Amino acid sequence: MGAEVPEHLLGDFHEYLLLPSNQTSNSICGKIYVIGGPEDRETLSVSVKLFDRSTDERLIPIVLGRNPVACNLHSAVPVNDDRILVLKSDSPSYDSLWFLEVDTPFVREQKKVLGTEVVAWSKVVIEGDDALKPIVISGPSGVGKGTLISKLMKEFPSTFGFSVSHTTRKPREKEKNGVHYHFTERSQMEKDIREGKFLESASVHGNLYGTSIEAVEAVTDSGKRCILDIDVQGARSVRSSSLDAIFIFICPPSFEELEKRLRARGTESEEQVQKRLRNARAELEQGKFPGLFDHLLVNDDLETCYTDLKKILSLDGTSDDTLELSAKGIRVPESHSVSARDQKVIIQCGGDEGLARTIYEVDVSSLVGGAPGRTRGPKYKCIS
Ligand SMILES: Nc1nc2c(ncn2[C@@H]2O[C@H](COP(=O)(O)OP(=O)(O)O)[C@@H](O)[C@H]2O)c(=O)[nH]1
Ligand SMILES: Nc1ncnc2c1ncn2[C@@H]1O[C@H](COP(=O)(O)OP(=O)(O)O)[C@@H](O)[C@H]1O
């Protein structure tokens with residue numbers, strides 16, 4: 001059972017179905033989802049109401065995900081029987097397309113947990129190829145890989161997700177299982193490697209490390225861009241795998257500085273420090289191997305190196321919220337129409353009173369991620 005519509009809204013409900021300019025009514029599997037309404041001006045976000053035809057019930061569902069900011073005009077079209085594509089007019093292209101999920105696996109699960117009607121928003125991200133590519137970061141122990149990755153994840157929390165590796169090394173004091181690594185027994189990890197569960201694995205400083213296929217998929221499924229912190233052997237394996245990534249190698253300003261950082265971190269025994277420093281020389285040589293890494297960065301001053309990293313990833317001058325500015329997108333004018341058939345959405349923009357007309361075809365057949373994160377995967381082309 002869903003939540004009851006508050007008394008003060010009941011009287012207005014039929015009026016909502018008359019579809020004023022900032023409201024649409026969308027029918028999926030016997031339920032009508034009314035998106036938008038006069039109250040949006042007060043809440044500043046797009047509202048959702050639900051009308052169940054079979055029971056004649058009017059409901060206010062629980063709305064999960066980050067709500068789109070209210071707009072003066074939108075259109076909407078049901079897609080794939082489980083979500084509604086909402087097109088916000090005259091919004092920036094990175095903010096124009098949203099999905100209201102009404103019967104996706106995430107929503108179904110939440111309905112079970114919450115015992116009521118649930119819908120969930122997910123912003124649609126239409127991107128160029130490079131913007132989706134995972135990022136592989138390599139470099140010797142103590143060079144600052146973890147520090148740079150943490151800064152990136154902190155500044156762009158909804159853009160990047162960390163691929164949590166498996167390792168047989170023991171956890172450090174502040175490391176959490178499942179967050180920094182999946183800490184595992186050697187015999188179990190060897191078995192999983194044999195069973196093909198790993199994209200790559202390597203023996204590093206005397207322990208096994210590996211990226212499971214699931215670790216990368218978990219990030220991609222959440223609609224985020226995957227960051228891998230792996231050694232040079234791992235980078236080489238990924239290079240020859242099907243994963244199309246951007247490879248970045250981080251160098252220290254000097255070997256002495258690397259040693260200083262590693263000791264100052266204070267997480268390794270003297271024996272481990274010696275082993276890591278010995279391995280660092282070989283890693284620094286391999287890092288320069290032609291064709292393996294796309295970019296080399298020297299981590300001398302942290303802020304300078306971080307700025308350079310953001311430049312490589314075309315992130316300088318952007319924020320987590322506006323990141324799609326650099327991505328492709330569709331700017332939907334007030335005058336437009338939308339229809340959907342066979343996993344293709346046709347958006348006709350303009351064309352009134354002699355104005356230029358553009359028709360887009362959006363392919364929604366392979367969607368990645370979704371609520372409560374972003375939805376990636378739709379591709380579009382201009383067909384007229
Ligand atoms: N090949 C591979 N290397 C990994 C993986 N996870 C971590 N590493 C690398 O293993 C090395 C040791 O990592 P760690 O024990 O966390 O020490 P740190 O580099 O000093 O922070 C580093 O070079 C990591 O990049 C993985 O999944 N695969
Ligand atoms: N540019 C830098 N200048 C000085 N210290 C740094 C710099 N970058 C990182 N560090 C410090 O060096 C140590 C090692 O960094 P860390 O990110 O753990 O390296 P890695 O993940 O490559 O092993 C940490 O104590 C970190 O705070």
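A quick note: this is a predicted structure, and the numbers were derived from the prediction, not measured. Atoms within a ligand are numbered from 1 in the order they appear, just like the ligands themselves.
The proximity of R236 to ligand 1, defined as any non-hydrogen pair under 4.0 Å, does not occur for either the backbone or the side chain. Both the backbone and the side chain of D231 come within contact range of ligand 1, each with a heavy atom under 4.0 Å.
An N or O contact shorter than 3.5 Å links Y209 to ligand 1 by distance. Distances between N or O atoms of E268 and those of ligand 1 include no value under 3.5 Å. When only interatomic distances are considered, the shortest N/O to N/O separation between Y181 and ligand 1 falls below 3.5 Å. Residue contacts with ligand 1: L262 is placed with no nitrogen or oxygen under 3.5 Å of a nitrogen or oxygen of the ligand (distance criterion only).
Ligand 1 lies out of reach of H166, whose nearest heavy atom is not under 4.0 Å from it. G142 counts as a contact of ligand 2, since one of its heavy atoms falls under 4.0 Å from the ligand.
Remark: ligand 2 atoms within the under-4.0 Å shell around heavy atoms of D300 are 1 (N), 2 (C), 3 (N). Which parts of ligand 2 touch G146 is read off a 4.0 Å heavy-atom cut-off, strictly below it: atoms 17 (O), 20 (P), 21 (O). Applying the 4.0 Å criterion to heavy atoms of S141 picks out, from ligand 2, the atoms 23 (O). Short contacts between ligand 2 and P140, defined as distances under 4.0 Å to a heavy atom of the residue, involve ligand atoms 22 (O).
Nearest to atom 11 (C) of ligand 2 by heavy-atom distance, out of K151, R172, R261, is R261. Between the choices I250, T147, L148, the shortest heavy-atom distance to atom 9 (C) of ligand 2 belongs to T147.
Partners of H182 according to the ring pair (Phe, Tyr, Trp, His ring centres under 6.0 Å) rule, which considers only residues two or more places apart in sequence or in another chain, are H166.
Using bins of under 30°, 30° to 60° and over 60° for the plane-to-plane angle, the ring pair F249/F293 lands in the tilted bin.
Here the rule is salt bridge (charged side-chain N to carboxylate O under 4.0 Å, His left out) with E268, and of K275, R172, R263 only R172 fits it.
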